[in-house]
Amino acid sequence: MQSTSIMLEVKHIRANQKEYVQALKKRNFEADSVFEAILNLDERRRSTQKKLDEILFESNSLSKEIGMLFKSGEAEKANAAKVKTAGLKEDSKRLGEEMGDVATELQALLYQVPNIPHPSVPAGKSEEDNEEIFSEGEIPILSKSALPHWELAKKYDIIDFELGNKITGAGFPVYKGKGARLQRALISYFLDKNTEAGYNEVQVPLLVNEASGYGTGQLPDKEGQMYHVGNDDLYLIPTSEVPLTNIYRDDLLNFKDLPIQLTAYTPCFRREAGSYGAHVRGLNRLHQFDKVELVNLVKPDDSYQVLDAMVEHIKTILRELKLPYRILRLCGGDLGFTSALTFDFELFSTAQDRWLEISSVSNFETFQANRLKIRYKDVDNKKALIHTLNGSSLALPRVLAGILENYQTDEGIVIPEVLRPYAGFDKIS
RNA sequence: GGAGAAAUGGCAGAGCGGUCGAAUGCGGCAGUCUUGAAAACUGUUGAGGGUCACACCUCCGGGGGUUCGAAUCCCUCUUUCUCCGCCA
């Protein structure tokens with residue numbers, strides 16, 4: 001595990017203990033005892049540090065003295081002074097170890113605390129309690145012969161699930177012909193839209209180390225979600241958020257550099273342990289899928305405005321694709337561990353008669369920046385943690401599923417107009 | 001994969017056992033000069049902890065060791081560069 005410094009957030013916990021406990025109740029997290037333990041440990045950390053500092057000061061001064069004595073030829077006196085250092089050495093070693101233990105314990109506790117939900121987050125237990133805040137797009141009326149996307153995929157031979165089973169296993173489909181081409185068209189279209197909106201396109205590694213996993217909060221919380229490459233102790237990314245946000249790990253940025261807006265296309269890998277059954281059919285849930293991601297690093301004061309802008313940006317894309325969707329504000333129970341406020345975009349899958357999540361847009365405030373130690377220096381030279389945000393724009397398979405299902409006609413699948421220049425065809429038949 | 005060399009502040013680059021948190025140059029910031037700018041000159045300029053503020057402590061790739069004392073010596077890991085081999 002990486003040796004992140006003691007979290008700066010302890011300060012905030014101490015200052016806002018009551019409010020935080022209250023807010024965390026919304027996500028059904030009882031923080032009382034953890035906070036108690038954290039504050040006690042922090043107290044102990046500081047007192048131990050103080051004692052250690054004093055001893056080190058003493059032994060530093062003694063060493064300097066000894067040096068001077070040797071220089072001036074007073075070897076006897078010097079040797080006498082040496083004797084005194086033995087006890088100090090022992091004490092400092094003991095206190096040093098104690099410091100290490102306290103710090104490790106403190107960090108372990110801090111890692112257990114999820115992000116403090118934004119005031120607008122509704123209380124709630126599960127996805128049932130998410131709040132729909134917007135919806136748009138016409139739900140097409142399909143003919144009686146309409147098929148779910150996995151049937152369409154077979155009918156037009158554009159996605160082969162069985163082939164994926166053979167090569168790898170369930171959840172690794174093979175896209176073929178116009179299916180592959182359409183997938184590529186979507187990726188290019190999304191990236192172009194993001195670039196137009198001011199995002200900087202980057203390509204990132206698909207394997208990340210442990211430190212990166214801790215930085216964005218996948219570790220230790222979601223250890224089992226990621227594929228782990230044991231030989232080299234690396235993880236396959238579950239989302240490009242991980243490498244993207246870790247680009248700036250341990251950095252002290254200048255306020256002039258902000259906002260930093262990144263977009264990337266990557267495959268994503270998720271073990272999805274424990275999720276089986278009919279609702280994961282076809283493209284609904286995969287172990288490997290493509291996604292175009294947005295990441296924003298901003299000054300704290302700007303983050304909620306940027307969150308809104310991200311939501312608007314994704315709306316624009318879905319509007320252009322003419323797909324029916326809705327936006328949910330996640331309730332405390334459904335909110336991710338690292339997020340303070342999340343909006344989910346769901347696409348209506350007409351042939352399946354259900355909503356599919358295609359984007360999740362979150363403000364992490366300082367939660368990730370704290371773990372990643374991404375700070376910035378403001379105009380007045382004050383240093384503070386930045387805010388990080390991310391969102392999908394968009395997750396490919398479900399968008400593809402939505403297009404296949406919602407755009408199906410008796411003559412074949414019509415390609416949404418905006419995608420035609422990218423795809424090079426206007427129909428799959 | 002084999003053989004060598006190296007890792008120091010935003011960058012470049014000294015220091016190789018004792019006031020070294022670190023010379024010097026560039027860059028950055030502030031000021032003087034200027035109608036304004038450039039140039040020149042002057043000053044200032046790493047990070048974290050701690051404190052009301054000082055004091056004080058820690059950090060010269062990571063970890064460990066030797067020593068009263070380590071950027072400097074030893075071990076180890078990682079990374080980078082050069083040469084060789086292999087290769088998309």
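Note on naming: letters A, B, ... go to the chains in the order of the sequence lines (proteins, then strands), and numbering restarts at 1 for each one.
- Put simply, A:Lys82 has no side-chain N or O that comes within less than 4.0 Å of OP1 or OP2 on B:U67.
- Under the Watson-Crick or G-U wobble criterion, with both distances below 3.5 Å, B:U66 is left unpaired in every strand shown.
- What separates CG of A:Asp53 from P of B:A55 is a distance of 13 Å, to the nearest Å.
- The shortest distance between the side-chain N/O atoms of A:Lys84 and the OP1/OP2 oxygens of B:C68 is not below 4.0 Å.
- Annotation: side chain of A:His287 is not in contact with side chain of A:Phe269 (no heavy-atom distance under 4.5 Å).
- One can place CZ of A:Arg46 at 15 Å from C1' of B:C57, the figure rounded to the nearest angstrom.
- The aromatic ring centres of A:Tyr111 and A:Tyr214 sit less than 6.0 Å apart.
- The distance from atom CE of A:Met99 to atom P of B:C57 is 15 Å, rounded to the nearest whole Å.
- The phosphate of B:G48 (OP1 or OP2) has a side-chain N or O of A:Lys383 nearer than 4.0 angstrom.
- Taking A:Lys322 as the reference, A:Tyr407 meet the side-chain contact (heavy atoms from CB on, under 4.5 Å) condition, with sequence neighbours excluded.
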Distances for protein N/O vs nucleotides 26-29 of chain B N/O pairs under 3.5 angstrom?
none

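- Between the A:Arg27 side chain and the A:Asn115 main chain, a donor and an acceptor come within less than 3.5 Å of each other.
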>> Would A:Leu394 and A:Val292 count as a side chain to side chain contact (heavy atoms under 4.5 Å, CB included) here? Give the steps.
In response: CA-CA 5 Å; A:Leu394 296 152; A:Val292 175; over 6 Å; no

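- Here the separation of B:A71 from B:U8, taken at their C1' atoms, is 7 Å to the nearest Å.
- At B:C57, one or more side-chain N or O atoms of A:Asn60 fall inside 4.0 Å of OP1 or OP2 (strictly under the cut-off).
- Computed from coordinates, the A:Arg14 CZ to B:G50 C1' distance equals 12 Å when rounded to whole Å.
- Counting to the nearest Å, the P atom of B:U78 and the CD atom of A:Glu210 are 15 Å from each other.
- The nearest whole Å value for the distance from the CG atom in A:Asp233 to the P atom in B:G62 is 20 Å.
- Judged by closest nucleotide on RNA chain B, A:Gln49 is the one of A:Ser59 and A:Gln49 placed further toward the 5' end.
- The pairing partner recorded for B:U44 is B:G28, the criterion being a Watson-Crick or G-U wobble arrangement whose two distances lie under 3.5 angstrom.
- Rounded to whole Å, atom C1' of B:G50 lies 14 Å from atom CZ of A:Phe57.
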Between side-chain atoms of residues 256-264 of chain A and protein atoms elsewhere (two or more places apart, or another chain), which donor-acceptor pairs fall under 3.5 Å?
{"residue": "A:Asp257", "atom": "OD2", "partner": "A:Asn254", "partner atom": "N", "Å": "3.2"}
{"residue": "A:Gln261", "atom": "NE2", "partner": "A:Asn296", "partner atom": "OD1", "Å": "3.0"}
{"residue": "A:Thr263", "atom": "OG1", "partner": "A:Asn194", "partner atom": "ND2", "Å": "3.0"}
{"residue": "A:Thr263", "atom": "OG1", "partner": "A:Glu293", "partner atom": "O", "Å": "2.9"}

> Between A:Tyr235 and A:Tyr227, does a side chain to side chain contact (heavy atoms under 4.5 Å, CB included) hold up when you go through it step by step?
Replying inline: CA-CA 6 Å; A:Tyr235 295 86; A:Tyr227 287 98; over 6 Å; no

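- Not counting sequence neighbours, the partners of A:His118 by the ring pair (Phe, Tyr, Trp, His ring centres under 6.0 Å) test are A:Tyr304.
- Among the protein residues, A:Lys51 comes within range of no part of the nucleic acid, since none of its heavy atoms lies under 4.0 Å from any strand.
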Polar pairs (N or O, both sides) under 3.5 Å between protein and nucleotides 15-21 of chain B?
{"residue": "B:G18", "atom": "N2", "partner": "A:Ser63", "partner atom": "O", "Å": "2.8"}

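- In this entry the distance linking CG of A:Leu56 with P of B:C68 reads 16 Å, nearest Å.
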Per-pair distances, 0.1 Å, donor-acceptor, side chain in residues 169-183 of chain A, under 3.5 Å, sequence neighbours excluded:
{"residue": "A:Lys176", "atom": "NZ", "partner": "A:Asp157", "partner atom": "OD1", "Å": "3.1"}
{"residue": "A:Lys176", "atom": "NZ", "partner": "A:Asp160", "partner atom": "OD2", "Å": "3.2"}
{"residue": "A:Lys178", "atom": "NZ", "partner": "A:Lys427", "partner atom": "O", "Å": "3.1"}
{"residue": "A:Arg181", "atom": "NE", "partner": "A:Ala423", "partner atom": "O", "Å": "3.3"}
{"residue": "A:Arg181", "atom": "NH2", "partner": "A:Ala423", "partner atom": "O", "Å": "3.3"}
{"residue": "A:Gln183", "atom": "NE2", "partner": "A:Asp290", "partner atom": "OD2", "Å": "3.1"}

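- Within the structure, a side-chain polar atom (N or O) of A:Arg375 is placed less than 4.0 Å from OP1 or OP2 of B:G48.
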> Could you walk me through whether A:Leu341 and A:Val121 pass the side chain to side chain contact (heavy atoms under 4.5 Å, CB included) check?
Replying inline: CA-CA 7 Å; A:Leu341 178 59; A:Val121 171; 3.8 Å; yes

